[in-house]
Amino acid sequence: MGNAVVCDEEETLKALRPKGVGDRCPSEDALHSGSISTSSAVLTHHKPGDGGGIPSVFAAVAAPVHLDERMGDQKESLRKITHTLAVKNDEISNFICTLKQSLENLEANSNRVQDDLETEFSSLHAVLDEMKENMLTRIKQERASRTYELQNQLNACSKALESSEELLELANQTLCSSETDGFTQAAKDIKDSVTMAPAFRLSLKAKASDNMSHLMVDFSQERTMLQSLKFLPVPPTPEIQVSECQVSDNTVTVVWSLPEPDNKIDHYILEHRRTNHEGTPRIREDYPWMVVEGIREEQHTITGLRFDTRYMTFRVRACNKAVAGEFSEPVALETHAFTFKLDSSSAHQNLKVEDLCVEWDSSGGKVQEIRKEKNRTNSPMHSPARSALMSPKRAPTARPGRDRFTAESYTVLADTMIDAGQQYWEVKFDKESKAFAVGVALRSLGRFDQLGKSSASWCIHLNNWLQQSLTAKYNNKARTLDCPIPNSIGVYVNYDEGVLSFYNAKTKQLMHTFRTKFQQPIIPAFMVWNGSFSVVTGLQVPSVVQSGQRKNSGTSSSNASLT
């Protein structure tokens, strides 16, 4: 890249030299060396045959102009080179952060898989040890049981044999006796004793076998399985199908596919992150990755989102029973929606503004002023909301020469103008408020003007003071609306077609439509008295609202119908 820069500079200098001039003149060298200034440089014009240089008025006047033009071209070339270098430096810096993060991830992931492997082998050893203990216990129990049976049988046989030997000896003694008087009785007693002898009641078959072969094991098959253990194949990397992804109604449906079928995929993990950068995700992002696990299909719909950034980045990976694959290439989907904040510097002193919430504060006055000074928000020119793409133009909403609304105009404006396109937002309000209004206003709305009571504002107004009523107001004309009072109101604006519609935010039932021609940018406007409300931004125009607008384009009410 350095060579390219040098070449560009050389080409630029050659292009800036006058035709027919090969080298710089001494005055040019002096200019480039800084010894004389451009304004003091005087070029001499030599006539043919003259011996010396006669100052030429034309040359003296034209030379500074020529040098200024050449310097301007050189500066423009240098600006281009500087911009190219800055872009490349930013890319390299981002890539360095990526490499550093990859090194950290490699170290962490290596330690993780090593620990997982040791855990798996420890678990396998534990299973084998448990099986070994169970089998050894079984052998010991079998041996103890058989030993008990055989030992009892041995003891019984030994006693029977001892008794039988005593009878045999007594019989032999009786047979050898020469006495005849007691022989008959002795023979009878011996006969009875032999008949009742234990030896004749014993089973001469062992009650337990000494064979233990039924407890032998053969681990050849298991050994083969263990020897075939290897790392699991990593699931393939999914690819997000951008053309099939959908972004509407503040929901995003992400669709992906695998390069080839894999029946071992158990589930998918989808991660998404809000961002204001298109393309490759940056290492240093303001928003963290949000994780959705356990997805069984090759698509997923995320609902209930607020689109307060320009894009959402998505990535997905496949998982089998034991391992997760690599993340897909990140894809950034545009999440265009209307986002704004409330301009607290425009609020009436009795309105307490905190972020997107407003509450009536009867204290007002100096207490509120002190609070405002301590926590004063930036002017709309510097509002963070200006970074979002809400319309082709964005300009400050501050009303020149006006500090805040006052008197009975309990109003607060948004910090963002609408000057093009279709926008939508919702407001939730306390139905017990004494008065509440929501609508839009021109930048020229006076600080004493109440919403709907001048030609600079349009609104839906809730009155709870004497009798509850809901009316549409414009230019001090009102029209009572015959519809239930909702908990929240949706506001739809089609600036280009001059449409302002109000909806029941929950049911999306149309409440009223103004049709006009906006002569200048408009601003979301709100009013509350003895109550509170909160605004929900970052919402896309609901599809049901868009379809309803097309259907009712010729039947909606207009400003002229207000009486």
Side-chain angles (χ1 to χ4, degrees), residues 105-172 189-236 260-269 293-296 317-326:
N105 292 343
L106 177 62
E107 182 72 17
N109 292 335
S110 298
N111 293 334
R112 178 178 57 82
V113 296
Q114 182 176 339
D115 293 340
D116 290 344
L117 183 64
E118 292 179 353
T119 300
E120 288 296 328
F121 270 96
S122 298
S123 176
L124 185 59
H125 292 157
V127 171
L128 291 175
D129 290 339
E130 184 179 359
M131 292 180 64
K132 178 182 177 181
E133 288 297 324
N134 291 338
M135 289 182 171
L136 288 175
T137 301
R138 173 79 181 278
I139 293 174
K140 292 177 181 179
Q141 290 175 346
E142 189 82 9
R143 181 178 64 186
S145 176
R146 294 191 181 192
T147 299
Y148 178 77
E149 292 290 341
L150 293 175
Q151 190 65 48
N152 287 342
Q153 193 173 16
L154 176 60
N155 293 336
C157 289
S158 297
K159 291 181 180 180
L161 179 59
E162 182 180 353
S163 175
S164 180
E165 287 178 348
E166 290 179 354
L167 285 175
L168 181 59
E169 183 179 357
L170 179 59
N172 288 331
D189 293 339
I190 292 173
K191 180 180 178 181
D192 293 339
S193 297
V194 170
T195 302
M196 301 297 296
F200 293 97
R201 296 195 301 271
L202 289 176
S203 173
L204 299 182
K205 180 181 180 180
K207 292 183 178 181
S209 172
D210 59 353
N211 186 2
M212 298 288 287
S213 58
H214 67 290
L215 295 177
M216 296 294 292
V217 294
D218 179 14
F219 285 149
S220 57
Q221 183 177 356
E222 287 77 7
R223 186 178 296 107
T224 302
M225 292 177 60
L226 290 174
Q227 290 173 347
S228 65
L229 284 178
K230 58 183 179 181
F231 293 109
L232 281 173
V234 177
E260 56 185 20
D262 188 343
N263 57 9
K264 294 183 179 180
I265 298 299
D266 179 69
H267 64 277
Y268 297 92
I269 296 177
E293 297 181 325
I295 303 173
R296 303 296 177 179
R317 60 177 173 178
C319 305
N320 55 31
K321 291 292 185 181
V323 65
E326 295 292 331

Straight-line distance of T119 OG1 to L124 CG, nearest 0.5 Å: 12.5 Å
Under 3.5 Å, side chain of R317 to main-chain N/O of P236, donor-acceptor pair present? no
Quick check for you: to the nearest 0.5 Å, what is the distance between L170 atom CG and E166 atom CD? 9.5 Å
Determine, step by step, whether R296 and D266 satisfy the side chain to side chain contact (heavy atoms under 4.5 Å, CB included) criterion, reporting the C-alpha distance in whole Å, the side-chain angles of both residues, the deciding distance to 0.1 Å, and the verdict. CA-CA 7 Å; R296 303 296 177 179; D266 179 69; 3.2 Å; yes
Starting from the C-alpha separation in whole Å, work towards a yes-or-no answer on side chain to side chain contact (heavy atoms under 4.5 Å, CB included) for Q114 and L117. CA-CA 5 Å; Q114 182 176 339; L117 183 64; 5.7 Å; no
What's the spacing between D129 CG and N134 CG if we round to 0.5 Å? 11.0 Å
Closest heavy-atom pair, A324 versus P235, reported as atoms and distance to 0.1 Å, is C-CD, 4.2 Å
Keeping to residues at least two apart or across chains, list the salt bridge (Lys or Arg N to Asp or Glu O under 4.0 Å) pairs with something in residues 142-161. E142-R146
M131 and V127: side chain to side chain contact (heavy atoms under 4.5 Å, CB included), yes or no, with the steps? CA-CA 6 Å; M131 292 180 64; V127 171; 4.1 Å; yes
Smallest heavy-atom separation, G325 atom then V234 atom, equals CA-CG1, 3.6 Å
Do S122 side-chain atoms and E118 backbone N/O form a donor-acceptor pair below 3.5 Å? yes
Show the nearest heavy-atom pair for residues L150 and A208, with the distance to one decimal. CD2-O, 3.4 Å
Would you confirm whether S145, through its side chain, and Q141, through its main-chain N or O, come within 3.5 Å as a donor-acceptor pair? no
Can you list, pair by pair, the side-chain donor-acceptor contacts under 3.5 Å of residues 211-228, counting residues two or more places apart and other chains?
from : atom 1 : to   : atom 2 : distance (Å)
N211 : OD1    : S213 : N      : 3.0
N211 : OD1    : S213 : OG     : 2.9
N211 : ND2    : S213 : OG     : 3.3
D218 : OD1    : S220 : N      : 3.2
D218 : OD1    : S220 : OG     : 3.0
D218 : OD2    : S220 : OG     : 3.4
T224 : OG1    : S220 : O      : 2.9
S228 : OG     : T224 : O      : 3.4
S228 : OG     : M225 : O      : 2.7

Euclidean distance, K321 NZ relative to H267 NE2, rounded to 0.5 Å: 9.0 Å
Distance (rounded to the nearest 0.5 Å) between I265 CD1 and N320 CG: 6.0 Å
